[in-house]
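Heads up: the structure comes next, in structure tokens.
Please read all numbers here as calculations on a predicted model, not as lab measurements. Atoms considered below: every heavy atom in the structure, side chains included; atoms not considered: hydrogens, waters and symmetry mates.
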Amino acid sequence: MSVRIVLSELRSNFWILRGRPVFKRALHNCLPCKVARAKCDKQIEAPLPAERLTPCKPFDTTGIDFAGPVYVRGANAPKKSYIALFTCSTTRALHIELVADLTTDTFLMALQRFVGRRRLPHTTYTDNATTFQDANKELIALWNSLSSTNAQQFYAENGIRWKFIVPRAAWWGGWWERLVGDH
């Protein structure tokens, strides 16, 4: 509300001496008026990585994370299991695998099922969990142990490039970490 409108309303019944500076000061110090006059600042957002923007086939760039534990009904008692989430960076598609535990072997079997169902991703993003670190080491050891030049050439052309986010910086993997949420 402006000072002129307030003064004209009051002057219809009262005459206040030096009313303009008094009302200007009151409106200037009024918190709801300050909030109403405030202008929204524009945040400059960081550019998205090229893997998130470049059109490609689904699951070419994949983020992987674990959720859980979830309890699965067993023969005798509920059994603790986990969910492996494979997230596509461009289409936001989701592939879910149920794994029995967080060991490297069970993760590699889940990765093998994922590749068999979807396709071999070119780039895989994960956090720095020991399961992912060990799986990366095992895949590198498997790569180095291949003796056939045809097989080496195939994996060189179609190999998985594994990228880890900075340790203790989960917000770097926000596009796949947010699907897990708080449990």
From Cys56 SG over to Phe59 CZ, what is the distance, rounded to the nearest 0.5 angstrom?
11.0 Å

Atom pair OG1/CG of Thr104 and Leu111 - distance to nearest 0.5 Å
11.5 Å

Near Asn76 CG, under 6.0 Å, is it more than 12 heavy atoms from other residues, nucleotides or ligands?
no

Taking atom NZ of Lys34 as the centre, does the number of heavy atoms from other residues, nucleotides or ligands within less than 6.0 Å exceed 12?
yes

Specify whether Phe86 and His95 have parallel, tilted or perpendicular ring planes, treating 30° as the upper limit for parallel and 60° as the lower limit for perpendicular.
perpendicular

Can you measure from CG (Leu120) to CG (Asp60) and round to the nearest 0.5 angstrom?
9.5 Å

With a 4.5 Å limit on heavy-atom distance, are the side chains of Phe66 and Leu85 in contact?
no

Pairwise side-chain contact, Thr62 with Thr87, heavy-atom cut-off 4.5 Å (strictly under):
no

Provide the closest heavy-atom pair for Pro69 versus Lys80 in the form atom of the first, atom of the second, distance.
CB-CG, 3.3 Å

Can you confirm whether more than 12 heavy atoms, excluding those of Arg117, are under 6.0 Å from its CZ atom?
no

Just by distance, no angles: are the side chains of Thr103 and Asp101 close enough, under 3.5 Å, to form a donor-acceptor pair?
yes

Are Lys79 and Tyr71 packed together at the side-chain level, in the sense that at least one heavy-atom pair is separated by less than 4.5 angstrom?
no

For a 4.5 angstrom cut-off between non-hydrogen side-chain atoms, does Tyr82 reach Leu102?
yes

Given side chains that start at C-beta, do those of Pro121 and Val115 come closer than 4.5 Å, heavy atoms only?
yes

Can you tell me how far apart OG (Ser81) and CD (Glu97) are? Round to the nearest 0.5 Å.
12.5 Å

Heavy atoms of His28 and Arg37 approach each other most closely as O-NH2, 4.0 Å

In terms of hydrophobic clusters joined by side-chain contacts under 4.5 Å, are Leu94 and Ile83 together?
yes

So do the side chains of Leu98 and Val70 get within less than 4.5 Å of each other, counting heavy atoms only?
yes

Output yes when a side-chain donor or acceptor of Thr91 lies under 3.5 Å from a complementary backbone atom of Cys88, and no otherwise.
no

Please determine whether residues Met109 and Phe114 belong to a single hydrophobic cluster, defined as Ile, Leu, Val, Met, Phe, Trp and Tyr linked transitively by side-chain heavy-atom distances below 4.5 Å.
no

Does some side-chain heavy atom of Ile64 sit less than 4.5 Å from a side-chain heavy atom of Thr124?
yes

